[in-house]
Amino acid sequence: MGDFVLTNLAHLDSLRVRIAPPAVAGHTTYRLAEEPEVEVVWTYAERLPDGSYLPCGGGERTADGDWTQGAFNADDIARAAIVYARHWRSTGAATSRSAARQLLRGLCYLQTAPQDDTDPRSGNVVLWQQPDGRLNPSAEPIEAPDPSDSAESAWLARTVWALGEGYAAFHGDDPAFAAFLRVRLRLAAGALRRQVLCRYGQWRLVDDTATPAWLIADGADLTGEALLGLCEYTRISDDEDARKVLEQLAEAVAAMRTGTPWTWPFGAVLPYGLSRTEWHGWAGLAPGALARVYEVCGDLSARDAALADAASFTPHLLIGGGPDNLRVAMPGAREAMTLDGVQLAYGAHSRIESLLATARATGRSALRTLAGVAGSWFFGNNPASAPMYDPATGVTYDGIDILDGAAAGPGVVHRDAGAESTIHGLLAMLALDGDAQAAGVARIAEPAVRIEGAEMHSMALADPLTGAHLTLLRSMATSTRATDVVVPGEAPATVSVNDPTGEELEHYTTTAGRIRVLVAAGGFTTVLQQGHAPLHW
């Protein structure tokens with residue numbers, strides 16, 4: 001842990017609320033008769049003129065106090081439960097244990113569990129819920145699928161994520177509750193087998209490339225989130241059916257890796273099964289999930305895909321401006337065009353988590369430094385050059401809007417702080433709190449310069465308080481190149497030279513001044529100067 005704990009649950013705590021959901025056929029949860037209240041989280045939080053926040057729902061407010069979408073949603077309840085479960089497991093905080101338990105109970109109420117298991121909705125999840133707990137399966141505006149529990153969905157994938165992490169957290173602490181979560185996860189896995197894995201082994205031709213047809217809602221991004229839960233569950237259970245679901249879904253996600261270190265998308269795991277040209281900021285948890293699949297199942301193709309995304313694509317992304325909402329290029333291009341430069345905490349967090357997961361699974365320590373660079377987005381290394389997370393309050397702002405519709409900077413901070421941004425900010429902080437090296441690098445967040453040449457791309461970051469300095473270089477050349485880097489001040493710097501898989505080729509300490517470093521073909525090099533004071537918060 002670092003000298004200063006970044007994770008502050010206060011703002012997310014303020015979005016939690018207890019409700020007593022009504023009796024509805026096919027919807028119940030653990031001990032509902034004995035404990036009639038469950039917890040949920042408000043979807044949005046509008047910033048008021050005095051700097052406080054007003055929780056609110058999605059869509060328009062109706063005369064009867066409802067919302068045209070709903071007040072609470074399964075996506076955010078699931079991910080909030082993961083925040084508290086992870087916090088409890090890392091700190092032992094009883095308050096987080098209670099919150100995780102109650103949010104998981106609230107999530108399970110949204111899962112459709114009819115008595116007749118032939119019901120095609122079985123295991124699926126209703127997305128929206130009104131302030132009094134009533135379900136709203138057909139929201140306005142209409143979202144696919146409609147009704148929301150009629151087919152595979154993002155919220156089904158995130159429910160699997162939360163149930164898997166919840167089972168892992170509670171199996172040794174509360175066996176009865178864990179057993180209930182296991183039943184619900186198996187119900188969700190059954191829905192995946194019925195609706196998604198019925199297409200297992202089928203391929204589509206997308207942009208002239210064979211593409212797996214068995215991704216959840218055609219998303220490698222969504223499927224990756226389900227894999228995170230399945231890995232946690234499978235790691236400690238004897239459920240061979242779930243392991244098979246895990247392995248088959250992982251095969252599809254790994255197949256979305258494409259490009260070379262020199263051509264678009266540079267080894268990224270692409271997010272959308274109906275396009276081989278688009279990458280967006282929601283894509284980032286899939287490579288981290290593949291790293292976990294490698295740890296749990298020993299799948300080498302999953303490992304290689306995770307490494308390509310982490311060590312080849314991600315340095316290119318970080319130097320090129322960060323996790324944009326949408327970049328597009330034809331396969332084989334030398335660069336992509338940013339069509340939507342808006343950036344969100346979702347995209348920044350997912351880079352951090354995937355880099356750290358891949359570093360742990362493969363022993364590539366340089367990826368921890370890259371995770372710190374990705375984490376610096378929250379502290380000023382972004383298109384707005386402004387902090388996006390406040391450790392004093394736990395607020396993560398909703399995103400960075402691009403002025404005048406421009407595709408790339410300058411940006412302005414959107415200072416509302418709804419559940420999704422808050423959750424992903426906290427997942428990022430939990431990850432950084434668990435890795436002192438990455439947390440220290442994340443403070444080096446003031447952009448100094450970005451340079452993009454034909455063969456060498458680079459960025460330099462600084463910390464004015466400590467004098468720490470970081471240079472990241474990414475090579476587009478097909479052979480090793482040497483280049484000069486200026487290390488300011490007097491403190492020495494550590495140089496790490498890495499190939500496109502993140503394997504470290506050189507590691508040494510050098511004096512300050514103008515130094516000459518190597519950058520491997522298609523690889524990345526970091527030059528880290530710790531400055532006049534230790535890197536801490």
Could you walk me through whether L317 and R327 satisfy the side-chain contact (heavy atoms from CB on, under 4.5 Å) test, starting with their C-alpha distance in whole Å, then the side-chain angles of each, then the deciding distance to 0.1 Å, before giving a yes or no?
CA-CA 10 Å; L317 177 75; R327 294 187 181 195; 3.7 Å; yes
Under the 3.5 angstrom rule, does the side chain of S421 hit a backbone N or O of G418 as a donor-acceptor pair?
no
Ignoring hydrogens and angles, tell me if any N or O in the side chain of E503 forms a donor-acceptor pair with the backbone of D499 under 3.5 Å.
no
Are the side chains of L227 and V253 in touch, meaning some heavy atoms are under 4.5 Å apart?
yes
Kindly compute the distance separating CG (L246) from CG (D241), expressed to the nearest 0.5 Å.
12.5 Å
Kindly indicate whether the side chain of H349, heavy atoms from C-beta on, has any atom under 4.5 Å from the side chain of E353.
yes
Any heavy-atom pair between the side chains of H469 and V487 that's under 4.5 Å?
no
Salt bridge check: are D218 and R204 linked by an N-O gap of less than 4.0 Å?
yes
Rounded to the nearest 0.5 Å, how far does CD1 of I515 lie from OG1 of T510?
4.5 Å
Chi angles and distances behind the side-chain contact (heavy atoms from CB on, under 4.5 Å) call for H457, I451:
CA-CA 6 Å; H457 300 172; I451 300 174; over 6 Å; no
Hey, are the side chains of D207 and S275 touching, using non-hydrogen atoms and a 4.5 Å cut-off?
yes
Using only heavy-atom distances, determine whether the side chains of D463 and T466 contain a donor-acceptor pair under 3.5 Å.
yes
Do W279 and F313 have their ring centres less than 6.0 Å from each other?
yes
Mind listing the closest non-hydrogen atom pair of P500 and A311 along with its distance?
O-CB, 3.4 Å
Nearest atoms (heavy-atom pairs only) where I352 meets G375
CD1-CA, 3.4 Å
Are W161 and W155, when compared by the centres of their aromatic rings, separated by less than 6.0 Å?
no
Backbone N/O of L249 and side chain of W214: donor-acceptor pair under 3.5 Å:
no
Could you grab the distance from atom CG of D75 to atom CG of L156, nearest 0.5 Å is fine?
10.5 Å
Pairing residues for R292 by the salt bridge (charged side-chain N to carboxylate O under 4.0 Å, His left out) criterion, not counting sequence neighbours:
E232, E295
Do you see a donor-acceptor pair shorter than 3.5 Å between the side chains of N498 and S496?
yes
Under 4.0 Å between a Lys/Arg side-chain N and an Asp/Glu carboxylate O for R158 and E420?
no
Just one of D324, I402, V328, N325 clears the side chain to side chain contact (heavy atoms under 4.5 Å, CB included) bar with D340, so which one?
N325
Between CZ of R186 and OG of S237, what distance do you get to the nearest 0.5 Å?
9.0 Å
Among side-chain atoms of H424 and R79, is any donor-acceptor pair under 3.5 angstrom?
yes
Under 3.5 Å, is there a donor on one side chain and an acceptor on the other for Y233 and D239?
yes
For the side chain to side chain contact (heavy atoms under 4.5 Å, CB included) test, which of V293, T358, T362 pairs with R303?
T362
Are more than 12 heavy atoms, taken from residues, nucleotides or ligands other than R516, located less than 6.0 Å from that residue's CZ atom?
yes
State whether the side chain of Q529 and the backbone N or O of P488 hold a donor-acceptor pair below 3.5 Å, judged by distance alone.
yes
Taking the side chain as every heavy atom from C-beta outward, state whether F266 and T260 have any atom pair closer than 4.5 Å.
no
With the side chain counted from C-beta on, respond yes when I236 and H171 share a heavy-atom pair under 4.5 Å apart, and no when they do not.
yes
Does the side-chain contact (heavy atoms from CB on, under 4.5 Å) test come out yes or no for V519 and V497, once each step is laid out?
CA-CA 6 Å; V519 188; V497 181; 5.9 Å; no
So, the side chain of R481 versus the backbone of A521: is there a donor-acceptor pair under 3.5 Å, distance only?
no
For the atom pair CG (L285) and CG (L290), what is the distance rounded to the nearest 0.5 Å?
11.0 Å
E335 and W264 side chains, donor-acceptor separation under 3.5 Å:
no
Does the side chain of T211 pick up a donor-acceptor pair with the side chain of T209 at under 3.5 Å?
no
Parallel, tilted or perpendicular: ring planes of F379 versus Y389, cut at 30 and 60 degrees:
perpendicular
Should R351 and T314 be marked as a side-chain hydrogen bond (donor to acceptor under 3.5 Å, both in side chains) after you check the CA-CA gap, both sets of side-chain angles, and the distance that decides it?
CA-CA 8 Å; R351 289 292 107 191; T314 299; 2.7 Å; yes
Between Q437 and T369, does the side-chain hydrogen bond (donor to acceptor under 3.5 Å, both in side chains) criterion hold? Intermediate values first, please.
CA-CA 7 Å; Q437 177 181 329; T369 301; 2.9 Å; yes
Are the ring centres of F170 and W88 closer than 6.0 Å?
yes
Roughly how far apart are C297 SG and E247 CD, rounded to 0.5 Å?
5.0 Å
Kindly indicate, with the supporting measurements, whether the criterion side-chain contact (heavy atoms from CB on, under 4.5 Å) is fulfilled by Y272 and M256.
CA-CA 8 Å; Y272 186 39; M256 292 302 294; 6.0 Å; no
Please examine the side chains of L192 and E152, heavy atoms only from C-beta on, and report whether any two atoms are closer than 4.5 Å.
no
Could you tell me whether a side-chain N or O of D390 sits under 3.5 Å from a main-chain N or O of G394, the two making a donor and an acceptor?
no
Counting N and O atoms only, with roles assigned by atom type, does the side chain of E446 sit under 3.5 Å from a partner on the main chain of G380, one being a donor and the other an acceptor?
no
Decide salt bridge (charged side-chain N to carboxylate O under 4.0 Å, His left out) for D238 and R243; before the verdict, give the C-alpha distance in whole Å, the side-chain angles of both, and the deciding distance to 0.1 Å.
CA-CA 9 Å; D238 58 356; R243 179 177 287 269; over 6 Å; no
Donor-acceptor pair, side chain of D433 and main chain of L6, under 3.5 angstrom:
yes
Does any part of the side chain of L367, heavy atoms only, come nearer than 4.5 Å to the side chain of L307, both counted from C-beta?
yes
Residue pairs passing the salt bridge (charged side-chain N to carboxylate O under 4.0 Å, His left out) test where at least one lies in residues 255-284, sequence neighbours excluded:
none
Between R199 and A213, what is the shortest heavy-atom contact and its length?
NE-O, 2.6 Å
Output, in order, the C-alpha distance, side-chain angles, deciding distance and verdict of side-chain hydrogen bond (donor to acceptor under 3.5 Å, both in side chains) for Q343 and W377.
CA-CA 10 Å; Q343 295 185 5; W377 184 90; 2.8 Å; yes
Heavy atoms of L181 and G166 approach each other most closely as CD1-C, 3.6 Å
Where do V160 and A188 come nearest, in terms of heavy atoms and distance?
CG2-CB, 3.7 Å
Distance only, no hydrogens: is a donor on one side chain within 3.5 Å (strictly under) of an acceptor on the other, for R474 and S312?
yes
Determine whether a donor-acceptor pair (N or O, by modelled atom type, separation under 3.5 Å) exists between the side chain of S354 and the backbone of G288.
yes
